[in-house]
2 protein chains.
Amino acid sequence: MTSFTEENYLKIIYKLSAETDSEISTNAVAELTQTKAASVTDMLRKLSEKQLVIYQKYQGVRLTKKGETVALKVIRKHRLWEVFLVDKLGFNWDEVHEIAEELEHINSDKLVQQLDEFLGFPQFDPHGDPIPDKHGRMPESAYKNLSEILINQEVVMMGVAQHSTNFLQYLAKIGLHLGVNIYIVEINDFDKSLTIKIEGSTQCFISYEVAKNLLVKSISMDED
Amino acid sequence: MTSFTEENYLKIIYKLSAETDSEISTNAVAELTQTKAASVTDMLRKLSEKQLVIYQKYQGVRLTKKGETVALKVIRKHRLWEVFLVDKLGFNWDEVHEIAEELEHINSDKLVQQLDEFLGFPQFDPHGDPIPDKHGRMPESAYKNLSEILINQEVVMMGVAQHSTNFLQYLAKIGLHLGVNIYIVEINDFDKSLTIKIEGSTQCFISYEVAKNLLVKSISMDED
DNA sequence: ATATTTTTTTAGATTTGTCTAAAATTGATT
DNA sequence: AATCAATTTTAGACAAATCTAAAAAAATAT
């Protein structure tokens, strides 16, 4: 059995692994778990004994198959609960992360199964993140970062790569909601910042930092 | 803030208080928390420092107003989640207790509020227990124990006073479901055991122990 | 009213997950 | 290659919640 805390470590290591190909550093984990490096070292040793991660001191860490399975289950639960909160209980997408952080640790295979069915087997959570199926398989997400899109090419806003309440509320303020059509009016060569046009709203200016965190799909491949 | 564990103690003290008028003993709490008396003593001291209970050593314990409020919130959440699991996710009433024991500790006023609304502000959980409203008020439950009912008086099965999976599965086996009509055919003076007739089924024999844990209402006050 | 039994509390230890401060290792710089 | 800086680990401590065994108090019985 894996504890609440162990599950959080595994989830965080999984997320960090998705970004880099090499081992994850102790400090990187410490930052996301909001703990100190010394605590992480202790936990990594423990997870290693349980065969959930490959860890050698000073060499960083990566998940074993077994650890990845646990992480994917937690992520699956997190994202399903987010769908529940938004679709069924009427929460805004920027309010659900913290609650889902608690719900994701409830243990019952039947609960997850029934919830999935109740929600209509959703493939993506309210932020556009893919939901692993019960075998841990992720649906193909054909989304791109807005920062990779050409000028004047119309795209649909499909998700975000960052979930902080701050960021999501900023998007709401400038009128960037899921499903809205947008296109790039101008790219500033100097700092890669963008002027974009949001359908049914005025133009607005966003930094490269923000653009990198926006997931969109082209209008052409609209059916899904 | 109250921890998961503290909330469990408060909930259990609340339930024991509903049955007796006097102070609750350390041993009684230990039995329901599945811990040893020594652990209970420690926790009672801690809860007392937090002003959640009145406790003097060797004198037993009772909840303060503040402690009662916390307990009622936990019970409210537990029962609302049980309704969700049965009504929305299709669980049987004998499968939901353990899952609700975990869900009841999720902390978010908005979550509880929205869940309540989503479920249509239910007054009773799937076992027939009353659900406290958001101010901690219990709906009037006009149910009686089957053990108080007269021979031949037709009543409707409305709930149970005990939730162990064992007990609920036993009821299912003998055909005692929520909402079914029953009446007492015969009372055995010797041990107060009963022969009852279940509508659409054969007669069956139940012990006084079982009868005490069955909640029923008279047919006459049938509307609501 | 004294002795015995039961209940409750204390004392000291354990587990989980965390911390700080110091030591060890790695890696970067000259 | 030697030094310095950054990262990581060790050592020892702490808080929460639990335990066992022994002591203290209360309840019961003789």
Side-chain angles (χ1 to χ4, degrees), chain A residues 1-13 16-17 19-63 67 70-71 74 101-102 104-107, chain B residues 1-13 16-17 19-63 67 70-71 74 101-102 104-107:
Chain A
M1 206 51 320
T2 43
S3 72
F4 188 106
T5 314
E6 289 165 350
E7 286 184 357
N8 273 333
Y9 274 87
L10 294 173
K11 183 182 63 174
I12 278 163
I13 297 165
L16 288 167
S17 302
E19 288 161 22
T20 59
D21 224 26
S22 50
E23 268 72 19
I24 307 306
S25 76
T26 302
N27 265 355
V29 176
E31 195 174 331
L32 291 202
T33 50
Q34 316 240 60
T35 61
K36 295 298 152 80
S39 312
V40 174
T41 300
D42 287 347
M43 182 55 82
L44 293 185
R45 178 166 303 121
K46 188 178 164 196
L47 293 173
S48 178
E49 273 162 22
K50 287 189 160 192
Q51 320 259 21
L52 292 162
V53 302
I54 308 290
Y55 167 69
Q56 306 227 99
K57 52 179 177 166
Y58 297 107
Q59 302 310 130
V61 68
R62 64 172 59 212
L63 295 178
V70 175
V74 175
E101 286 285 302
E102 299 193 50
E104 72 188 7
H105 301 289
I106 306 283
N107 272 319
Chain B
M1 206 53 321
T2 43
S3 72
F4 188 107
T5 315
E6 288 165 351
E7 286 184 357
N8 273 334
Y9 275 88
L10 294 171
K11 182 182 65 173
I12 277 162
I13 296 166
L16 288 167
S17 302
E19 286 161 23
T20 59
D21 224 27
S22 51
E23 267 72 18
I24 306 307
S25 77
T26 302
N27 265 356
V29 176
E31 194 175 331
L32 292 202
T33 51
Q34 315 240 60
T35 61
K36 295 299 152 76
S39 312
V40 174
T41 301
D42 287 346
M43 181 55 83
L44 293 185
R45 180 166 300 122
K46 187 177 164 195
L47 293 173
S48 178
E49 274 161 23
K50 287 188 162 193
Q51 320 261 16
L52 293 162
V53 302
I54 308 289
Y55 166 69
Q56 307 226 99
K57 50 181 178 167
Y58 296 108
Q59 301 310 130
V61 68
R62 65 172 59 212
L63 295 178
V70 174
V74 175
E101 286 285 302
E102 300 192 50
E104 72 187 6
H105 301 290
I106 307 282
N107 272 319

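Computation of the quantities below employed the complete heavy-atom set of this structure, encompassing side-chain atoms and omitting hydrogens, waters and symmetry-equivalent molecules. The sequence lines fix the lettering, A, B, ..., with proteins before strands; numbering per chain opens at 1.
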Exercise for review: For DNA chain C, just give me the dot-bracket, please: Watson-Crick or G-U, both distances below 3.5 Å, ( ) intra-strand, [ ] crossing earlier pairs, | paired with another strand, . unpaired.
Suggested key: ||||||||||||||||||||||||||||||

Check your understanding: What does A:Phe4 touch in the nucleic acid at a heavy-atom separation under 4.0 angstrom: a base, only the sugar-phosphate, or nothing?
Key -> nothing

Point to revise | Distance below 4.0 Å between A:Lys36 side-chain N/O and C:dT18 OP1 or OP2 | key: no

Check your understanding: Base, sugar-phosphate, or nothing for A:Thr35, non-hydrogen atoms under 4.0 angstrom?
Key -> sugar-phosphate

Practice item. State which residues pass side-chain contact (heavy atoms from CB on, under 4.5 Å) with B:Ala37; sequence neighbours excluded, sorted by chain then number. Key: B:Thr26, B:Asn27

Could you pull out all donor-acceptor pairs under 3.5 Å where a side-chain atom in residues 51-63 of chain A meets a protein atom, sequence neighbours excluded?
{"residue": "A:Arg62", "atom": "NE", "partner": "A:Glu23", "partner atom": "OE2", "Å": "2.9"}
{"residue": "A:Arg62", "atom": "NH2", "partner": "A:Asp21", "partner atom": "O", "Å": "3.2"}
{"residue": "A:Arg62", "atom": "NH2", "partner": "A:Glu23", "partner atom": "OE2", "Å": "3.4"}

**Study point:** Results of side chain to side chain donor-acceptor pair (under 3.5 Å) for A:Ser48 - residues two or more places apart only
**Key:** none

Review point. With B:Thr33, which residues qualify under side chain to side chain donor-acceptor pair (under 3.5 Å), at least two apart?
Key: B:Thr35

Review point. Under the 3.5 angstrom rule, does the side chain of A:Lys50 hit a backbone N or O of A:Gly67 as a donor-acceptor pair?
Key: no

Review point. OH of A:Tyr9 versus C1' of C:dT16: gap in Å, rounded?
Key: 11 Å

Exercise for review: Treat primed atoms plus P, OP1 and OP2 as sugar-phosphate and everything else as base, then score nucleotides 11-16 of chain D 5' to 3': B for base contact with protein heavy atoms under 4.0 Å, S for sugar-phosphate contact only, - for none.
Suggested key: -----S

Exercise for review: Applying side chain to side chain contact (heavy atoms under 4.5 Å, CB included), run through A:Thr20 and A:Ile24 and close with a yes or a no.
Suggested key: CA-CA 8 Å; A:Thr20 59; A:Ile24 307 306; 3.6 Å; yes

Check your understanding: What is the distance, rounded to the nearest whole Å, between atom CD of A:Gln56 and atom C1' of C:dT26?
Key -> 15 Å

Check your understanding: Taking only residues two or more places apart in sequence, or in another chain, which ones meet A:Ala38 in a side-chain contact (heavy atoms from CB on, under 4.5 Å)?
Key -> none

Using a cut-off of under 3.5 Å, enumerate the N/O to N/O pairs linking the protein to nucleotides 4-8 of chain D.
{"residue": "D:dT8", "atom": "OP2", "partner": "A:Asn27", "partner atom": "N", "Å": "3.0"}
{"residue": "D:dT8", "atom": "OP2", "partner": "A:Asn27", "partner atom": "OD1", "Å": "3.4"}
{"residue": "D:dT8", "atom": "OP2", "partner": "A:Asn27", "partner atom": "ND2", "Å": "3.2"}

Check your understanding: Atom CZ of B:Arg45 to atom C1' of C:dT8: distance rounded to whole Å?
Key -> 11 Å

Practice item. Give the rounded distance in Å between these two atoms: CD of B:Gln34 and P of D:dC19. Key: 10 Å

Check your understanding: What residues, two or more places apart in sequence or in another chain, satisfy side-chain contact (heavy atoms from CB on, under 4.5 Å) together with A:Phe4?
Key -> A:Asn8, A:His105

Review point. Under the side chain to side chain donor-acceptor pair (under 3.5 Å) test, which residues partner B:Lys36, sequence neighbours left out?
Key: none

Point to revise | A:Glu7: salt bridge (Lys or Arg N to Asp or Glu O under 4.0 Å) partners, not counting sequence neighbours | key: none

Check your understanding: To the nearest Å, how far apart are A:Leu47 CG and C:dT16 P?
Key -> 13 Å

Exercise for review: Output all residues satisfying side-chain contact (heavy atoms from CB on, under 4.5 Å) with A:Glu102, sequence neighbours left out; order by chain, then residue number.
Suggested key: B:Ile106, B:Asn107

